[in-house]
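So the structure is just underneath, and the comments pick up after that.
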Amino acid sequence: MSEEKSLNFIEEIVEADLNSGKYNSILTRFPPEPNGYLHIGHAKSICLNFGLAKKYGGRTNLRFDDTNPITEETEYVESIKEDVKWLGFDWAEELYASNYFEQIYQFAVQLIEKGLAYVDDSNSETIALEKGTPTQPGIENTFRSRTVAENLQLFADMRAGKFKDGEKVVRAKIDMASPNMHMRDPIIYRIKHAHHHRTGDAWCIYPMYDFAHGQSDSIENITHSICTLEFIPHRPLYDWCIEKLEIFPSKQYEFARLNMTYTVMSKRKLLQLVNENHVNGWDDPRMSTISAMRRRGYPAESIREFCDKIGVAKRENLIDLSLLEFCVRERLNKTALRRMVVFDPLKIVITNYPDTTEYLESENNPEDLATGTRSIPFSKVIFVEKDDFMEVAPKKYFRLSPGQMVRLKSAYIIKCDEAIKDSDGNITELHCSYIPESKSGSDTSGINVKGTLQWVNAATAIKAEIRLYDRLFKVEDVANAEGDFKDYINPDSLQVISNAYAEPALQSDDPSVAFQFIRKGYFVIDRDSTNEHLVFNRTVSLKDGWAKEAKKA
RNA sequence: UGCCUGAUAGUAUAAUGGUAGUACGACUGUUUUUGGUACAGUUUGUCUUGGUUCGAAUCCAGGUCGGGCAACCA
């Protein structure tokens, strides 16, 4: 007996349509405009559209909504395809609204023939003025009463390139007094003498979103066209076009887009961050883009899990970034290989240890013993983290302090005997002694210590660059913060540690796997990394119970 | 002073006229050679006022508050 998980409102609609026999199977679509990189908000839409089809045995098209040649580029098309694939989804067909330009043109001709569209010579200011305001109806201008024949001729002339940009538009003839602004004779075609990334210079007129999206849905026989809340006022127009054109009745449904704390999601803002060099490109690991998260080391599975957890509803929301981080840790804890790295070294001399090197075994992942063990060199001189020593320790501090004992992970228990200082009083190294009987796996010492530290053997340590990322913004709700969102950029969102000391295994490890640096966090090799110069990104830190405890004090 | 849309713990989300539940967070404790993990427990909620009903988060009416709509963007 499996516990039935409750359905979200769109799943309920789909099930009802399937049960009533309205559809035998469903067809959804993910319809990005190729004018930027996909972000985590798109991931929600992708998981919804593809997930629905997967759950109900339907299919999903990837359709590029490429009706504005000015902003769209092939680079974006490629990145979008890569991101969708990486997220783990396969589309039924790769399609483009621009595939349908001829058909959409004919749709407009049909509307003109029915007396339901006209060519307007007004400029944009006039059109805006005549449109009225939300509380005042618009007015009908003289172009509205042009004859069908005249409209047909003018539209053909527009297509033939006889007019300059902005000289004429085609408008649907609906209702200039409608309480819905989108129904006040919306523009459906405009002139743009611009090169299109797919159709080249074949067209100089392009359909507007409202005359391309629903039409494309209908041409493809999309059953459930799912979009975000801000398109609700467009739905009457979506339905109007389908009705007047007498084409396949795709239905539009709207859900609340994802908002996340400490980040921005709008393409405009992301583009600004890139162009003004607040970050290093679209895949800078601090960005909310899919490519950034991939580079940072977020597993695709974690992103899918996150999208599943946040649910689908119509209420506006602001999701904690920490929920995404939870999903990332949950996954990585089970898969990441444990390694030891010291970011800020403090030298320890184990005074009673012989002048030899010994090899110790350590498990690669205690959560998955099938990953086996590795051997780690150990000798008289090692490094530990500077933070793991305090000359005067507070209570409940389980690390190194004069007279205090700790376990070195997978090695021995050591006791801190003396802190050595230079002439300025700075601590330069620690002299410790080890308990020979306390070796990991064969401990007969009977000593129990509270703290276990990661360490690296000084003689065999390799150097690595570590990039630590923090949230990109200082405030939770960036989009709703007063003033310019860039004023809230966190100046410390990137911290580079250029000379960390790592255990030698990392030199030869598979660069595509995720690591957990013990007590530090999860890390992946960055694409900037080379054999000579290792570079790691911190994917996410570990939960730090001590930091919380210390803050309280 | 128009139209559309929404409101359930801190954040999300479920309960579809019949016990307000789940996840994350927070807090306790147990385990632990990662102050991690795992496990157990605790905490906090139906925007408001009326109405219908044996019974309302759910249905009805009014109010309050939030979001969207007046691009030749999508």
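Here is how names work: the chains are called A, B, and so on, in the same order as the sequence lines, proteins then strands, and each is numbered from 1. Any value given below was found using the heavy atoms of this structure, including those in side chains, with hydrogens, waters and symmetry copies removed. Only a predicted model underlies this, so the values are computations on that prediction, with no experimental measurement involved.
- A straight line from CG of A/L542 to C1' of B/G36 spans 5 Å, rounded to a whole angstrom.
- Less than 6.0 angstrom separates the ring centroid of A/F536 from the ring centroid of A/F517.
- Across all strands shown, A/Q516 has heavy atoms under 4.0 Å from base atoms, whether or not it also approaches the sugar-phosphate.
- Using a 4.0 Å cut-off between charged nitrogen and carboxylate oxygen, A/R257 and A/E230 count as a salt-bridge pair.
- For A/H182 against B/A71, no side-chain N or O and base N or O form a donor-acceptor pair under 3.5 Å.
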Might you list the N or O atoms of the protein lying below 3.5 Å from N or O atoms in nucleotides 20-22 of chain B, with each pair's distance?
none

* **Under 4.0 Å protein heavy-atom contacts per nucleotide of nucleotides 3-8 of chain B, with B for base, S for backbone only and - for none** => SS-SSB
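- Listed pair A/K192 / B/C73 meets the phosphate criterion, a side-chain N or O lying under 4.0 Å from OP1 or OP2.
- Ring pair A/F378/A/W455: centre-to-centre distance below 6.0 Å.
- A/T126 comes within 4.0 angstrom of no nucleic acid atom, judged by non-hydrogen atoms across all strands.
- Contacts of A/L318 with the nucleic acid, taken as non-hydrogen atoms under 4.0 Å apart, involve only primed sugar atoms and P, OP1 or OP2.
- Atom pair A/L323:CG and B/C24:P shows a separation of 9 Å (rounding to whole Å applied).
- In this structure, the OH atom of A/Y209 is 14 Å from the P atom of B/C69, given to the nearest Å.
- In the model, A/D477 has a side-chain atom that pairs as donor or acceptor with a side-chain atom of A/N480 under 3.5 Å.
- Counting only heavy atoms from C-beta outward, the side chains of A/E305 and A/R331 never approach each other to under 4.5 Å.
- For RNA chain B, the residues of residues 363-374 of chain A within the heavy-atom distance limit of 4.0 Å (strictly under) are A/P366, A/E367, sorted by number.
- Here A/R329 lies out of heavy-atom contact (under 4.0 Å) with every strand.
- B/G10 sits 37 Å from B/U1 when the P atoms are compared, rounded to a whole Å.
- A donor and an acceptor atom never sit less than 3.5 Å apart when one is taken from the side chain of A/R519 and the other from the base of B/U34.
- Within 4.0 Å of A/Y189, counting heavy atoms only, lies no atom of the nucleic acid at all.
- Comparing B/G41 with B/U31, their C1' atoms are spaced 15 Å from each other, to the whole Å.
- Using a 4.0 Å heavy-atom distance criterion, A/K164 is classed as making no nucleic acid contact.
- The pair A/K267-A/E33 fails the salt-bridge criterion, with no side-chain N (NZ, NE, NH1 or NH2) lying under 4.0 Å from an Asp/Glu carboxylate O.
- Looking at A/E549 and A/K396, a side-chain N of the basic residue comes within less than 4.0 Å of a carboxylate O on the acidic one, giving a salt bridge.
- At whole-Å resolution of the value, CG in A/L38 and C1' in B/A74 are 14 Å apart.
- The one candidate from A/K409, A/R338, A/R374, A/R339 that meets the salt bridge (charged side-chain N to carboxylate O under 4.0 Å, His left out) condition with A/E363 is A/K409.
- Residues A/H196 and A/F101 place their aromatic rings such that the two centres sit under 6.0 Å apart.
- One atom, CG of A/N317, and another, P of B/C24, lie 18 Å apart when rounded to the nearest Å.
- For A/R63 and A/D217, the salt-bridge test passes: some basic side-chain N is under 4.0 Å from an acidic carboxylate O.
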* Structure fact -> Pairing string of RNA chain B (Watson-Crick or G-U wobble, both atom distances under 3.5 Å; | = paired to other strand) is .((((((..((((....[..)))).(((((.......)))))....(((((..]....))))))))))).....
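- Positionally, the nearest nucleotide of RNA chain B for A/T133 lies more toward the 5' end than for the other of A/T133 and A/D66.
- Across all strands shown, A/G138 has no heavy atoms under 4.0 Å from either base or sugar-phosphate atoms.
- The distance from atom CZ of A/F326 to atom P of B/A26 is 11 Å, rounded to the nearest whole Å.
- When ring centroids are compared, A/F155 and A/Y189 come within the 6.0 Å threshold.
- At the phosphate of B/U37, OP1 or OP2 sits under 4.0 Å from a side-chain N or O atom of A/K543.
- For A/H234 and A/F398, each mapped to the nucleotide of RNA chain B holding its nearest heavy atom, the one lying further toward the 5' end belongs to A/F398.
- Among residue pairs with one or both ends in residues 162-182 of chain A, those qualifying as ring pair (Phe, Tyr, Trp, His ring centres under 6.0 Å) are A/H182-A/H234; sequence neighbours excluded.
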Pull out every protein N or O sitting under 3.5 Å from an N or O of nucleotides 40-44 of chain B, one pair per line with the distance.
none

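- Note: A/F64 and A/Y96 meet the aromatic proximity criterion, with ring centroids under 6.0 Å apart.
- Counting any heavy atom pair closer than 4.0 Å across all strands shown, A/T67 reaches sugar-phosphate atoms only and no base atom.
- The pair A/E385-A/R519 does not count as a salt bridge, with every side-chain nitrogen at least 4.0 angstrom from each carboxylate oxygen.
- In summary, the aromatic rings of A/Y76 and A/Y37 are positioned with their centroids under 6.0 Å apart.
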